[in-house]
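Data first, discussion second: the structure below is written as structure tokens.
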Number of protein chains: 2
Amino acid sequence: MKKRQITIKDIAKALCISPSTVSRSLADHPDISQETKNIVNAYAREHKYKPNALALSLRTNNTKTIGVILPQIVHYFFSSVLSGIEDEAEKGGYRVIICQSNETYEKEVKGAQALLEARVCGVLASVAKTTTTYDHFQELIDSDIPVVFFDRICTGILTDRVVVDDYAGVCSAVEYLIHSGCRRVAFFGSPAHLAISNNRRMGYEDALRKNGLPVEKELIKICDNYTEALRLTPELLSLPNRPDAFFAVNDETAIGVLNVVKAKGLKIPDEVSICGFTNNSLAEVSDPLLTSVDQHGYELGASAMRLLIERLKGVRDGDRIVSKIIKTNLVVRQTTR
Amino acid sequence: MKKRQITIKDIAKALCISPSTVSRSLADHPDISQETKNIVNAYAREHKYKPNALALSLRTNNTKTIGVILPQIVHYFFSSVLSGIEDEAEKGGYRVIICQSNETYEKEVKGAQALLEARVCGVLASVAKTTTTYDHFQELIDSDIPVVFFDRICTGILTDRVVVDDYAGVCSAVEYLIHSGCRRVAFFGSPAHLAISNNRRMGYEDALRKNGLPVEKELIKICDNYTEALRLTPELLSLPNRPDAFFAVNDETAIGVLNVVKAKGLKIPDEVSICGFTNNSLAEVSDPLLTSVDQHGYELGASAMRLLIERLKGVRDGDRIVSKIIKTNLVVRQTTR
DNA sequence: CCATACAATGCAAACGTTTGCAAGAGTGCC
DNA sequence: GGCACTCTTGCAAACGTTTGCATTGTATGG
């Protein structure tokens, strides 16, 4: 009952010719007569011949497959990155196989092993939060599989990378706040042990300095989720000299701020401006609509994939590692002046 | 410079034994002496031997790979489904390769072809909005590749499916609204040409009927996005006999309603109750927090994958198609009494 | 001492392709 | 008629595995 897919051998047998002739006919090889080609192609089409990608890969030692290792598909940012990766892969004729680490080191390692066994041509990776040792990535590279890190890069390893320009994104957003008249901008950021956090914090501080404003400890909080924002925002608002703007390191947090500010009866943006980061769907349904820094996740994924494909094609010269930076841009909506 | 992965043949040559012995040693075959096994395993570990999944698949005619066809990875619902699929696949030792259709028929067909070429063991699919003909899915089935549809099922084809219990989800949510004292519940739904839309609409109507309330045309609108909600909600609120509750078919729309209601100065939930559908991250950051029907996307994906694996193992008997229904549940928050 | 049994290993084919090389048929030229 | 050429096709090996069967060597039993 098990129906096998039809193979080149089957076609050859049916038409009483050799497999080589069939193969060459399908590939439109000049050595084969037009007549034979016609017969073969007709038969192949009629019987819905599909080349066996496995056999082909084995033969040519080229799987046309890219592995992706990322923390969590469900996060808006990563799913948009993945979407960009997928689209660009398809354009280049590559398949994509994915492994989510769920932020654990162990699953990340398992994923890398699986990709090695699948003989992928290259790997795109964003490292898990709990990862501190990088042997599994090094093993990929040692096996001559190009690795391109995206967003959460791996500092210990010399390899291509493409990251979001957090620093500039935050800096220009904060400058925008300042130029619109804000004088006391609060900053809600992530814990400092991620490289990304520091970049953002520096962007904030530099924007203040560039514009002659003081960096005040009491306006800087570690706060990167909604509930924390609900807890910390009132504290800041009740300062004798309350902030007139908030910059939050993600949109959930910014929405938390927004809800508190509204509840206190303060006018947005006239009395308090708010700016988020990521620009996910939240920003498009809040009231008022949230101004946010767009990270261009899709573009980042697409860009990483393009870079990887260039590597595979050997367009890029050998050792020179390239590090691309995806520019963010501020999407101004209604929470800023 | 190109470093090949080490193969069984390499090990055989290095140890001056035959490839078969190496293969059997690695598989812990009883025919092989413990001594030989030890030597082989040691050598393999030292040189980081990784079995070539391609060759294995070709040999055994089993790729241990599942194909997934879905409309858009970026949507919260689909990315959570995908996450469930991925996790469950990993448990079962399957790889996952994904194709997004971007809601277009053409890409869906291309995806199906690619999966056929990759000789996947089975396929999980959710059909694109623009798809009206199903030959590409039929071709998979004709090639003896089991297909399990999830969420957006394909009515024309007899096959396993797992869907969200839209009808019951909407019905019980609306009943909840009624039992909490609401008498005029408005319904914001999708255009009727999707099967899903009708189920939801029926759930709404039946809930009203069961509780002796009239189904009123003027309370039923086609409206499934944020901006539409901003346009239509004021209309309903200015009716002489305005609704005291809104049920929306997704969370974006519900948030739109919420924002309008708040702006009008009506109390939520005392004067107007609101209930959404999907229970995505929006529901957890709105003010007040949105009551919503959780679709359990992750569980749906995991369940579909489990069903597919059972099929592949032959646990399920041949022709009987199974259709699983994932129960929704109402997450009551602050927009309902 | 021979037959038998058993343990350990090797041979070779197969999975579905591609491809270098050889081979056959036909044609034109001297 | 023989030679060199072109045009078309086929043979066989290779990619990395697994596995049925054959082979070898050794020990056991009569």
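Values reported hereafter were calculated over all heavy atoms of this structure, with side chains retained and with hydrogens, waters and symmetry mates removed. Lettering follows sequence order; numbering is per chain, from 1. Source: prediction; values computed, not measured.
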Item to check | Under 3.5 Å: donor-acceptor pair, side chain of Thr63(B), backbone of Arg119(B) | outcome: yes
Checklist entry - dT17(C) P sits how many Å from Leu26(A) CG, rounded? => result 9 Å
Next on the checklist: From CD of Glu117(A) over to C1' of dG16(D), roughly how many Å is that when rounded to an integer?
Outcome noted: 13 Å
Checklist entry - In whole angstroms, how far is the P atom of dT26(D) from the CD atom of Glu35(B)? => result 14 Å
Item to check | Atom pair distance, as rounded to whole Å: CD1 in Ile17(A) and C1' in dC11(D) | outcome: 15 Å
Item to check | OP1 or OP2 of dC15(C) under 4.0 Å from side-chain N/O of Lys9(A) | outcome: yes
Checklist entry - Which nucleotide sits closest to the side chain of Ile32(B): dT17(C), dT9(C), dT19(D)? => result dT9(C)
Checklist entry - More than 12 heavy atoms of other residues, nucleotides or ligands under 6.0 Å from CD of Glu35(B): is that the case? => result no
Checklist entry - Can you tell me how far P of dA14(D) sits from NZ of Lys13(B), to the nearest Å? => result 10 Å
Checklist entry - Contacts to DNA chain D from residues 49-66 of chain B, heavy-atom cutoff under 4.0 Å, which residues? => result Tyr49(B), Lys50(B), Pro51(B), Asn52(B), Ala55(B), Arg59(B)
Next on the checklist: Under a 3.5 Å distance rule, please check whether Thr159(A) uses its side chain to pair with a backbone N or O of Val147(A) as donor and acceptor.
Outcome noted: yes
Checklist entry - Which nucleotide in the set dT18(C), dG10(C), dC11(D) lies at the smallest distance from any side-chain heavy atom of Arg24(A)? => result dC11(D)
Checklist entry - Is it true that a side-chain atom of His29(A) and a backbone atom of Asp31(A) form a donor plus acceptor pair closer than 3.5 Å? => result yes
Next on the checklist: What is the separation between atom CG on Asp31(B) and atom C1' on dT24(D), rounded to the nearest whole Å?
Outcome noted: 14 Å
Next on the checklist: Checking the side chain of Thr65(B) only, and the main-chain atoms of Arg95(B) only, is there a donor and an acceptor separated by less than 3.5 Å?
Outcome noted: no
Next on the checklist: Could you check whether any side-chain N or O of Ser83(A) sits under 3.5 Å from a backbone N or O of Ile73(B), counting only pairs where one atom can act as donor and the other as acceptor?
Outcome noted: no
Next on the checklist: Can you measure Leu15(A) atom CG to dT8(D) atom P for me and round it to whole angstrom units?
Outcome noted: 18 Å
Checklist entry - So which heavy atom on Lys107(B) is nearest to which on Asn102(B), and how close? => result NZ-ND2, 3.7 Å
Next on the checklist: Output the rounded distance in Å from NE2 (His29(A)) to C1' (dT17(C)).
Outcome noted: 15 Å
Checklist entry - Does one side chain, of Tyr298(A) or Asp87(A), offer a donor that lies under 3.5 Å from an acceptor on the other? => result yes
Checklist entry - Is Ser18(B) near enough to dT9(C) that one of its side-chain N or O atoms lies under 4.0 angstrom from OP1 or OP2? => result no
Item to check | Sugar-phosphate, base or nothing in reach of Ser20(B), heavy atoms under 4.0 Å | outcome: base
Checklist entry - Quick check: are there more than 12 heavy atoms from other residues, nucleotides or ligands sitting under 6.0 Å from NZ of Lys64(A)? => result yes
Next on the checklist: Regarding Ser23(A), tell me which of base, sugar-phosphate or nothing describes its non-hydrogen contacts under 4.0 Å with the strands shown.
Outcome noted: base
Checklist outcome for this item: One would report the end-axis bend of the helix from dC1(C)-dG30(D) to dC30(C)-dG1(D), five pairs per end and rounded to 10 degrees, as 80°
Checklist outcome for this item: Only one of Lys48(A), Gln5(A), Lys50(A) passes side-chain hydrogen bond (donor to acceptor under 3.5 Å, both in side chains) with Ser143(B), and that residue is Gln5(A)
Checklist outcome for this item: The residue, Cys16(B) or Pro19(A), whose nearest nucleotide of DNA chain C is more 5′ is Cys16(B)
Item to check | Nearest-nucleotide pick for Thr36(A), side chain only, options being dT8(D), dT17(C), dT9(C) | outcome: dT8(D)
